[in-house]
K.L.:
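I'd like to ask some things about the structure below.
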There are 4 protein chains.
Amino acid sequence: MPRSEQANQQIRDERRRQILNVAAEIFARKGLAETRISDIAAASGISQGLIYRYFASKEELLRAVIANALDQVLTGLQELREQPGTPWEKLYRLTAYMWEGMRRRPAYVHVVLHTLISEAVPEEIRALARRYIRESYTFFRELIVEGQQAGQVVLADPEELTLLYGSLLQGLATGAWFMDEYSEVQLSIERMLRILKP
Amino acid sequence: MPRSEQANQQIRDERRRQILNVAAEIFARKGLAETRISDIAAASGISQGLIYRYFASKEELLRAVIANALDQVLTGLQELREQPGTPWEKLYRLTAYMWEGMRRRPAYVHVVLHTLISEAVPEEIRALARRYIRESYTFFRELIVEGQQAGQVVLADPEELTLLYGSLLQGLATGAWFMDEYSEVQLSIERMLRILKP
Amino acid sequence: MPRSEQANQQIRDERRRQILNVAAEIFARKGLAETRISDIAAASGISQGLIYRYFASKEELLRAVIANALDQVLTGLQELREQPGTPWEKLYRLTAYMWEGMRRRPAYVHVVLHTLISEAVPEEIRALARRYIRESYTFFRELIVEGQQAGQVVLADPEELTLLYGSLLQGLATGAWFMDEYSEVQLSIERMLRILKP
Amino acid sequence: MPRSEQANQQIRDERRRQILNVAAEIFARKGLAETRISDIAAASGISQGLIYRYFASKEELLRAVIANALDQVLTGLQELREQPGTPWEKLYRLTAYMWEGMRRRPAYVHVVLHTLISEAVPEEIRALARRYIRESYTFFRELIVEGQQAGQVVLADPEELTLLYGSLLQGLATGAWFMDEYSEVQLSIERMLRILKP
DNA sequence: TATGAATGAGAATTCATTCAT
DNA sequence: GATGAATGAATTCTCATTCAT
């Protein structure tokens with residue numbers, strides 16, 4: 001008696017998610033070129049061949065990981081966008097959200113960084129990762145401009161402020177990964193936002 | 001024939017430096033695993049085999065690139081250390097120096113980042129790269145503490161301030177690499193230092 | 001429940017024949033190595049696993065296809081053998097029969113050719129295919145010798161005539177497969193037999 | 001001291017030819033899919049990797065083998081075309097030339113046949129092989145028509161005669177390959193040409 | 001010293017076959 | 001009996017490194 005269609009679908013969904021998460025972790029640590037499919041298979045406890053039933057190639061798998069990360073962040077940003085409050089309150093919430101995301105899923109942040117940094121990654125995938133950053137920056141900028149209008153953000157070139165703020169977040173995400181000495185340091189959202197204060 | 005010996009040595013030194021610079025550029029763009037020795041040879045205008053006369057292996061070459069970058073930065077920091085001025089003046093000069101270095105030699109920053117980020121790089125080399133960051137951070141911290149004593153830097157946990165300041169620099173260096181849209185934005189040193197202002 | 005047993009057996013037979021026909025078609029087009037079990041399963045409308053209920057392996061399946069073709073031809077030849085007529089009439093009927101078979105079932109001819117041609121096919125199966133040709137040639141030769149005795153066939157080495165005649169048939173079968181330009185050409189049996197005329 | 005450019009070129013030319021000949025032999029026996037690059041490497045006495053310095057892929061190698069065969073035959077046909085004589089003399093020479101070629105280089109004939117027969121071979125390469133047959137047939141047809149005009153060839157549809165004659169040649173080439181029993185049979189050119197006699 | 005031909009150890013990918021359901 | 005998820009043994013291809021010249 002074959003498995004029911006539903007049971008099969010569930011098995012497939014679960015496997016897919018499992019591979020995706022493991023892959024994110026390993027891509028984050030090693031990058032695309034250095035990651036072996038055998039690493040992912042071993043860490044997932046499955047055979048190499050099985051991975052190819054779920055993802056057509058190593059690149060396809062990376063693409064899926066990136067798309068997944070992108071989805072999650074953009075969904076989060078969308079929710080923040082719809083919440084009420086003064087621009088500064090929104091900036092606070094945004095910063096907290098981004099920072100929390102980096103802490104909770106450092107692997108996803110890292111895969112994206114790896115992808116952005118390395119020309120070895122196919123341009124199509126890099127474009128996807130760049131979109132991730134760009135969408136975030138666009139939202140940062142919106143809030144900064146609103147904040148300036150409300151007198152809550154310093155009156156400087158919004159582009160400059162966006163770049164500073166974005167870079168700070170990104171630098172923190174990266175730095176925390178490899179600077180063990182500083183991984184215990186407590187950072188306050190207020191302190192980060194200081195760069196935007198009037 | 002001591003003169004010819006000397007001339008030979010000079011040719012060797014020159015060629016070594018040349019390979020080193022080319023390698024830095026390519027490692028910066030692709031990382032260790034995806035960089036081909038043949039790419040470096042071609043870009044250096046020499047045969048593959050010859051590279052092995054100068055560097056024992058691809059990894060050895062990466063190590064040399066990193067060590068070279070490290071050397072230059074530490075020398076620069078040492079010079080800054082010896083210059084007179086108030087802590088804030090020194091912080092200003094330091095920031096300008098780091099920022100200028102990133103702009104002029106983005107490849108160096110990137111090789112180091114690639115190296116730090118990827119577990120596929122031998123630990124020994126990664127340790128070297130980490131030292132690069134750590135030495136810089138140590139200097140940042142010194143100046144921050146001095147600045148606090150002089151009332152020129154906000155009174156917060158020096159670790160936190162160091163991490164914020166370092167991450168900002170590093171995020172800017174990375175971001176400029178792939179965020180074309182923001183590559184033209186003018187950044188003022190004062191604005192960066194705002195994060196440390198009382 | 002003997003009836004259900006019987007019904008079951010009938011279903012099995014039918015399915016077996018179905019797989020066999022589909023497999024003949026695909027083996028004919030791609031040969032053993034390049035044919036995928038999944039192709040055969042899909043074209044048969046069943047799961048991959050099920051094929052293994054009917055045939056122990058891909059090679060076993062090829063063997064069955066060849067044996068099937070062999071059976072049909074030998075049965076046909078046997079019938080021809082038993083019919084009355086002059087040697088020339090028999091040669092005519094034989095040629096027509098072979099030619100018609102090739103036109104109607106080009107796949108069979110082709111599987112056999114693929115099998116004969118490729119050393120990658122297990123010797124046992126190739127021997128089977130060779131038997132297919134040999135039995136036909138034996139019959140050709142018999143008729144040629146009879147024809148010579150009756151003065152209806154040219155007096156030349158019977159081996160030579162058999163080889164010429166057999167090769168002509170086989171070349172026509174093969175050529176029609178890939179020479180689209182000539183697929184519409186009408187060929188008369190008389191014309192083919194000309195090679196044997198006194 | 002590096003090898004002279006000339007010496008290198010010679011080594012390369014020789015290796016290329018060597019691989020090509022060995023590959024023809026093995027492709028002929030096994031076909032594209034069944035041939036392992038390792039087979040060719042072993043039979044050539046070189047490493048697998050080296051083959052890829054001369055041919056980009058297995059398919060590329062097959063393409064080169066086919067193109068090589070094609071070249072040789074077409075060159076031969078061109079020479080025959082330019083020789084003087086009656087149509088029948090030309091047909092005789094042509095037949096002898098083709099037959100001799102098949103006997104001397106059966107591998108090349110066979111690779112072409114394999115290629116024509118198997119859909120697993122990329123269409124581009126199959127087209128090349130088809131061209132091989134088509135060019136030959138065109139020449140056959142020319143001579144047949146000339147022969148008819150000179151009263152030396154039977155007055156039948158030239159298409160039909162061409163197909164018969166071409167199929168006979170081709171069937172002989174194939175048959176000789178796997179019908180050991182008949183490989184010793186002597187065939188006379190006259191006998192083959194009988195199919196065209198008035 | 002310099003070259004580039006040659007090697008060989010992986011790594012990605014495919015697919016026949018097995019097996020739990 | 002029937003399904004299709006899962007396995008793992010090939011196989012192609014790549015590239016750091018060596019070595020004859």
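Note on naming: letters A, B, ... go to the chains in the order of the sequence lines (proteins, then strands), and numbering restarts at 1 for each one. Please read all numbers here as calculations on a predicted model, not as lab measurements.
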K.L.:
So, using salt bridge (charged side-chain N to carboxylate O under 4.0 Å, His left out) as the criterion, who are the partners of D:Arg130 when residues are at least two apart?
P.N.:
D:Glu123

K.L.:
Check each residue of residues 18-27 of chain B for a non-hydrogen atom within less than 4.0 Å of any atom in DNA chain E, then write out the ones that pass by number, or none.
P.N.:
none

K.L.:
Can the positive tip of D:Arg15 be found less than 6.0 Å from the middle of the six-membered ring of D:Tyr54, inside 45° of the ring normal?
P.N.:
no

K.L.:
Which residue pairs satisfy the salt bridge (Lys or Arg N to Asp or Glu O under 4.0 Å) criterion with at least one member in residues 34-55 of chain A, sequence neighbours excluded?
P.N.:
A:Lys30-A:Asp39

K.L.:
Holding to side-chain hydrogen bond (donor to acceptor under 3.5 Å, both in side chains), I want the full list of residues that pass it with D:Gln10, two or more places apart in sequence or in another chain.
P.N.:
none

K.L.:
Report the distance from atom CD of D:Glu5 to atom P of E:dA2, rounded to the nearest whole Å.
P.N.:
18 Å

K.L.:
Measuring to OP1 and OP2 of F:dA5, would you say a side-chain N or O of A:Asn8 lies under 4.0 angstrom away?
P.N.:
yes

K.L.:
For B:Gln48, what residues pass the side-chain hydrogen bond (donor to acceptor under 3.5 Å, both in side chains) criterion, not counting sequence neighbours?
P.N.:
none

K.L.:
Once ring-ring contact (aromatic ring centres under 6.0 Å, His included) is applied, do any residues pair with A:His114, and if so which ones, sequence neighbours excluded?
P.N.:
none

K.L.:
Going by the rule side-chain hydrogen bond (donor to acceptor under 3.5 Å, both in side chains), which residues pair with B:Glu14 if we only count those two or more places apart in sequence or in a different chain?
P.N.:
none

K.L.:
Going by the rule salt bridge (charged side-chain N to carboxylate O under 4.0 Å, His left out), which residues pair with C:Arg131 if we only count those two or more places apart in sequence or in a different chain?
P.N.:
C:Glu135

K.L.:
In B/S/- notation, 5' to 3', how is nucleotides 6-13 of chain F contacted by protein heavy atoms closer than 4.0 Å?
P.N.:
BBB--SBB

K.L.:
Convert the base pairs of DNA chain F into dot-bracket notation, remembering that pairs crossing earlier ones are written with [ ] and that bases paired across to another strand are shown as |; include only Watson-Crick or G-U pairs under 3.5 Å.
P.N.:
.||||||||||||||||||||

K.L.:
Can you name the residues that form a side-chain hydrogen bond (donor to acceptor under 3.5 Å, both in side chains) with C:Arg29, not counting sequence neighbours?
P.N.:
D:Glu119

K.L.:
Would you kindly give the CG-to-C1' distance between B:Leu32 and F:dA16, to the nearest whole Å?
P.N.:
11 Å

K.L.:
Rounded to whole angstroms, how far apart are CD on D:Gln9 and P on E:dT3?
P.N.:
18 Å

K.L.:
Which atom pairs, donor and acceptor, lie under 3.5 Å between side-chain atoms of residues 63-71 of chain A and protein residues at least two apart or in another chain?
P.N.:
from: A:Arg63; atom 1: NE; to: A:Glu60; atom 2: OE1; distance (Å): 3.3
from: A:Arg63; atom 1: NE; to: A:Glu60; atom 2: OE2; distance (Å): 3.1
from: A:Arg63; atom 1: NH1; to: A:Glu124; atom 2: OE1; distance (Å): 2.8
from: A:Arg63; atom 1: NH1; to: A:Glu124; atom 2: OE2; distance (Å): 2.7
from: A:Arg63; atom 1: NH2; to: A:Glu60; atom 2: OE1; distance (Å): 3.3
from: A:Asn68; atom 1: ND2; to: A:Tyr108; atom 2: OH; distance (Å): 3.1

